[in-house]
2 protein chains.
Amino acid sequence: MTTERTDATALADSIRHAGLRVTEPRVAVLGVLENESHIEAERVFRAVLPLVPGTSVQAVHGILAAFTQAGLVRRIEPAHSPALYERRVGDNHHHVVCTGCGAVEDVDCTVGHSPCLTPSSSGGFQIQTAEVTFWGLCPACQAAVPA
Amino acid sequence: MTTERTDATALADSIRHAGLRVTEPRVAVLGVLENESHIEAERVFRAVLPLVPGTSVQAVHGILAAFTQAGLVRRIEPAHSPALYERRVGDNHHHVVCTGCGAVEDVDCTVGHSPCLTPSSSGGFQIQTAEVTFWGLCPACQAAVPA
DNA sequence: GGGCTTGTTTTGAATAACTCAAAATAACTG
DNA sequence: CAGTTATTTTGAGTTATTCAAAACAAGCCC
Ligand SMILES: [Mn+2]
Ligand SMILES: [Mn+2]
Ligand SMILES: [Zn+2]
Ligand SMILES: [Zn+2]
C-alpha cells in the first residue's frame with residue numbers, strides 16, 4: 001500500500017543516482033514524466049504546480065534541462081512544437097507525429113533494418129546518431145478527415 | 001551576357017508559376033535561396049536588404065512562408081536552430097547537422113535502402129513522410145577536437 | 001495606359017518558449 | 001548542527017516568429 005504511481009523514494013533515488021540533489025520540485029517533475037510521455041515544459045509545470053505550490057516555470061525548465069543533461073530524460077524537438085520531454089531514455093527510439101493534431105507516439109527502431117541510417121554520402125561528417133521522425137495521421141485524425 | 005547567377009526572369013517565372021505575384025522582395029529572396037542552402041530567415045533578410053532597401057524582416061518571413069506553402073522552397077527545423085529554408089524541393093532528402101557548429105548538409109536518401117523508413121509498429125498512424133536527421137561532427141569540427 | 005481589385009508589404013505591436021542573473025533558500029557533507 | 005554549494009524564486013530579457021491595420025502595388029480589364 002506504499003506505492004502510488006511510482007514510489008517517491010524510487011524517484012528520489014533516480015535523481016540522486018544521476019548526481020543531482022533531491023528536491024520537491026524535482027521529484028514532482030520526474031513523477032509527472034513517469035505518467036505522461038512526450039510532454040512539454042508548460043504542461044509539466046501545470047501538473048507540478050498543485051503538487052508543489054510555488055514552483056516556477058523557470059524552475060521546471062531548469063529541472064528538465066538538468067535531467068536531460070544527466071540522461072534522466074530525453075528531449076525531442078519536433079517541427080512546429082515546443083520541446084517535448086520523455087522518461088524513455090537510453091534506447092534511441094524514434095517518433096511518429098500526427099500532422100493533424102500533433103500527437104506523438106514512440107516507434108521502435110527496427111533493429112536489423114538500420115542500414116539506411118548510414119547515409120550514402122555523409123560529406124565527411126562523423127555520424128553519431130540518426131533521428132527519424134515519421135509524419136502522418138493518427139487514428140483519430142484519419143477518422144475526422146474521411147476523404 | 002544576360003545571366004547573373006540565376007536570371008531574374010527565371011526567378012520571376014518560378015514565382016508566377018507557383019501562383020504568386022512577382023514582387024521585388026520575392027525575387028530577391030528566391031535569388032538568395034538559389035545561392036545559399038539551409039539558410040535562416042534572418043540571414044535571408046540581411047542578404048536581401050541591400051538588394052531591395054526597405055524590405056522588412058516580417059516581409060521575409062511572410063515570403064518564406066508563402067514560398068514554403070507553394071512548394072517553392074522547403075523549410076526544415078533542426079533542434080537547437082531556427083527554421084532553415086532551402087530551394088531543393090520535391091525529393092525528400094535528408095540532413096546531417098554538425099553537433100559542434102550547426103553546419104547542415106544534404107544527405108541523399110539511399111533509394112532501395114528505405115525499408116527502415118517503414119516503422120515496425122506505427123501505432124495505427126497513416127504514415128506520409130519520414131524525416132531523417134543525422135547528428136555528427138563536420139570535418140572542420142573533427143579537426144578542432146583532436147581527442 | 002489608367003482604373004480596379006486583391007494580394008503584398010510596411011509599420012507597429014504582441015507572442016511563445018525559453019534563457020539569464022541576483023538574491024533567497026534549502027540539500028548534502030562532516 | 002554549521003558550512004558549503006546547489007537549487008529555486010523573482011524579475012527581467014531574448015530570439016524567432018506571428019498578428020493586424022493601413023499603405024501600396026501587381027496583374028487584369030477595357
Ligand atoms: Mn519517445
Ligand atoms: Mn537540404
Ligand atoms: Zn491526430
Ligand atoms: Zn561543425
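Within every chain, numbering begins at 1; the chains are lettered A, B, ... in the order of the sequence lines, protein sequences first and strands thereafter.
Of the two residues near DNA chain D, Gly54(A) and Ser81(B), the one whose nearest nucleotide lies more 5' is Gly54(A). Nearest-nucleotide positions on DNA chain D place Ala65(B) closer to the 5' end than the other of Leu20(B) and Ala65(B).
Per the geometry, CD1 belonging to Ile39(A) stands 14 Å off P belonging to dA17(C), to the nearest Å. Between the CZ atom of Phe67(B) and the C1' atom of dT8(C) there is a distance of 12 Å, rounded to whole Å. Nucleotide dA16(C) holds its C1' atom 10 Å from the CD atom of Glu42(A), rounded to whole Å. Here the C1' atom of nucleotide dC18(C) and the CD atom of Gln58(A) are 9 Å apart, to the nearest Å. Atom pair Leu84(A):CG and dC18(C):C1' shows a separation of 15 Å (rounding to whole Å applied). Distance OH (Tyr85(A)) to C1' (dC18(C)): 9 Å, rounded to an integer number of Å. The nearest whole Å value for the distance from the CD atom in Glu77(B) to the P atom in dC18(C) is 12 Å. Here dA16(C) presents its P atom at 12 Å from CZ of Arg46(A), a figure rounded to the nearest Å.
Within 4.0 Å of Thr23(A), counting heavy atoms only, lie sugar-phosphate atoms of the nucleic acid but no base atom. Among the atoms of the strands shown, none is found under 4.0 Å from any heavy atom of Ala41(A). Within the nucleic acid shown, Ala83(A) comes within 4.0 Å of sugar-phosphate atoms alone, with no base atom in reach, counting heavy atoms only. Residue Arg75(A) is in sugar-phosphate contact alone, with no base atom involved, counting any heavy-atom pair closer than 4.0 Å across all strands shown. In this structure, Val22(B) reaches the sugar-phosphate backbone alone: every heavy-atom distance under 4.0 Å involves primed, P, OP1 or OP2 atoms, never a base.
Using a 4.0 Å cut-off, no side-chain N or O of Arg26(A) falls inside it from OP1 or OP2 of dA27(C). Using a 4.0 Å cut-off, no side-chain N or O of Arg21(B) falls inside it from OP1 or OP2 of dT5(C).
Counting heavy atoms from C-beta on, the side chains of Pro78(B) and Ile76(B) come closer than 4.5 Å. A heavy-atom distance below 4.5 Å is found between the side chains of Val60(B) and Thr55(B). At a threshold of 4.5 Å between non-hydrogen side-chain atoms, the residues Val107(A) and His95(A) do not count as touching. Using a 4.5 Å heavy-atom threshold, the side chains of Arg75(B) and Leu84(B) count as separate.
Between the SG atom in Cys98(B) and the CD atom in Gln142(B) there is a gap of 8.0 Å [rounded to 0.5 Å]. A distance of 10.5 Å separates CZ in Phe125(A) from CH2 in Trp135(B), rounded to the nearest 0.5 Å.
Looking at the side chain of Arg16(A), the nearest of the listed nucleotides dT9(C), dC28(C), dT19(C) is dC28(C).
Between Asp108(A) and Arg88(A) there is a salt bridge, since a side-chain N of the basic residue sits under 4.0 Å from a carboxylate O of the acidic one.
The only option from Leu33(B), Leu72(B), Ile39(B) that meets the side-chain contact (heavy atoms from CB on, under 4.5 Å) definition with Leu64(B) turns out to be Leu33(B).
Using a 4.0 Å cutoff to heavy atoms of chain B, the contacted part of DNA chain D runs 5' to 3' from dA16(D) to dG27(D).
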